[in-house]
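Just below is one structure, and these are the notes that go with it.
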2 protein chains.
Amino acid sequence: MDLENAKAQMRKGVLEMCVLAVIAGRETYPPEIIGKLEGTNVLVKEGTLYPLLIRLKNDGLVDYIWREGVKGPPRKYFTITENGRKFLEELTDSWKELVQAVNQTIEHNASTDVGEAFSTDPGAPRPLHIEPLPPDA
Amino acid sequence: MDLENAKAQMRKGVLEMCVLAVIAGRETYPPEIIGKLEGTNVLVKEGTLYPLLIRLKNDGLVDYIWREGVKGPPRKYFTITENGRKFLEELTDSWKELVQAVNQTIEHNASTDVGEAFSTDPGAPRPLHIEPLPPDA
DNA sequence: TTTAGTTCCTTGTATTGCATAATACTTTAT
DNA sequence: ATAAAGTATTATGCAATACAAGGAACTAAA
């Protein structure tokens with residue numbers, strides 16, 4: 001079963017927003033971003049994050065400067081831009097709409113109300129003859 | 001800017017779950033599925049839905065039978081299987097976890113607390129020298 | 001019966017974005 | 001010098017939907 005795959009697919013669409021949100025919180029650099037997201041159960045790999053950051057940079061949503069740390073090689077510290085903030089707001093709005101829509105779908109259809117399929121719900125399609133055509137066609 | 005694109009990307013990961021949820025609600029056929037999802041602001045095209053249904057069928061998560069309607073050509077009515085229900089439960093659990101994680105990320109980083117970047121938060125990385133290396137390197 | 005129109009289903013190509021994995025570069029420690 | 005750790009980069013491949021066009025079954029009207 002590919003539940004893991006499905007979870008990964010769900011993550012995909014929101015990764016950009018999450019990364020942008022983390023950067024919006026305060027200036028930060030890639031390994032720290034990965035750590036923060038891991039903390040909230042959203043896993044990202046380096047090879048996923050760097051290309052994403054480059055895209056955000058090219059779109060003018062984030063910016064970066066090099067800084068030396070107390071240890072190790074210099075780091076690319078990312079900050080969010082004006083446009084980045086605006087875009088993040090739009091993203092989160094869309095996100096909340098989607099969450100609402102999906103929850104509505106899930107909960108509205110959660111029950112096993114099979115009995116109603118052919119009785120109530122006038123607007124529903126009315127299968128007349130009950131049996132199949134050539135099941136192989 | 002590609003906000004529409006971003007929204008589409010978000011939809012991608014949850015489409016499978018939504019379609020499964022609709023079918024779980026009661027036996028239904030493709031155009032009706034599209035209508036229901038449109039009703040909750042989740043847009044799907046035929047060319048997207050049919051391949052998805054085939055995949056679900058091949059994975060044993062849904063099944064279908066042909067039925068004649070009062071008008072028009074016969075329809076493929078889809079039902080959810082035992083495995084489909086189990087899988088849907090796992091999907092919704094993952095979905096709820098993801099929503100929680102994302103909301104946490106968004107809200108925790110929502111404020112513009114730039115001032116704290118170099119003062120509080122002891123666990124945070126400490127940029128020591130303030131200025132960049134070769135900004136072009 | 002032929003034509004047009006609806007409804008439903010199918011298929012192929014393109015695009016997008018992440019996963020995986022390997023690699024290079026910079027500093028620090030031994 | 002050499003090894004080790006931390007940081008950044010790149011290449012290849014896969015999964016899933018968007019888009020667009022078309023085909024098949026039925027109905028109704030001329």
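Note that the coordinates shown come from a computational prediction; the quantities given were computed from them, not determined experimentally. Each chain gets a letter, A, B and so on, in the order its sequence line appears, and its residues count up from 1.
Across all strands, Pro51(B) comes closer than 4.0 Å to base atoms (heavy-atom distances). Residue contacts shown for Lys45(B) are limited to sugar-phosphate atoms, with no base heavy atom under 4.0 Å away.
The base of dA16(D) is not paired with the side chain of Glu16(B) by any donor and acceptor separated by under 3.5 Å. Remark: the Glu46(B) side chain and the dC8(C) base include no donor-acceptor N/O pair separated by less than 3.5 Å.
Ile106(B) has its side chain within reach of Trp95(A): a pair of non-hydrogen atoms, C-beta onward, lies under 4.5 Å apart.
Distance, Arg75(B) CZ to dT10(C) C1': 18 Å, rounded to whole Å. As a whole-Å value, the separation of Tyr64(A) OH from dT9(D) P is 7 Å. The OH-C1' distance, from Tyr77(A) to dT7(D), rounds to 11 Å in whole Å. Here the P atom of nucleotide dT10(C) and the CD1 atom of Ile34(B) are 13 Å apart, to the nearest Å. Per the geometry, CH2 belonging to Trp66(A) stands 12 Å off P belonging to dT7(D), to the nearest Å. Between Lys12(A) atom NZ and dT15(C) atom P the separation is 17 Å, expressed in whole Å. Taking atom CD1 on Ile54(A) and atom C1' on dT16(C), their separation rounds to 17 Å, with Å as the unit. The distance from atom CG of Asn5(A) to atom C1' of dG13(D) is 14 Å, rounded to the nearest whole Å.
Comparing Leu15(A) and Pro73(A) against DNA chain C, the residue whose closest nucleotide sits nearer the 5' end is Leu15(A). Comparing Lys71(A) and Gly47(A) along DNA chain C, the residue whose closest nucleotide (by nearest heavy atom) sits nearer the 5' end is Gly47(A). Each of Phe78(A) and Gln9(A) was assigned the nucleotide of DNA chain D with the nearest heavy atom; the assignment lying further toward the 5' end belongs to Phe78(A).
Of all nucleotides listed (dA8(D), dC9(C), dT26(C)), dA8(D) comes nearest to the side chain of Pro31(A). For Thr48(B), the listed nucleotide lying nearest its side chain is dT17(D); candidates were dT7(D), dT17(D), dT26(C).
Under the 6.0 Å distance and 45° angle rule, Lys76(B) counts as a cation-pi partner of Tyr64(B).
Distances shown here put every side-chain N or O of Tyr50(B) at or beyond 4.0 Å from the OP1 or OP2 atom of dT10(C). Between dT16(C) and Arg55(A), no contact under 4.0 Å exists linking OP1 or OP2 to a side-chain N or O.
Separation of atoms CD1 (Ile33(B)) and OH (Tyr50(B)) is listed at 8.5 Å; rounding is to 0.5 Å.
Panel note: side chain Ser94(A), backbone Lys7(B); no donor-acceptor pair is recorded below 3.5 Å.
Within a 6.0 Å radius of CG in Asn41(B), other residues, nucleotides and ligands contribute 12 heavy atoms or fewer.
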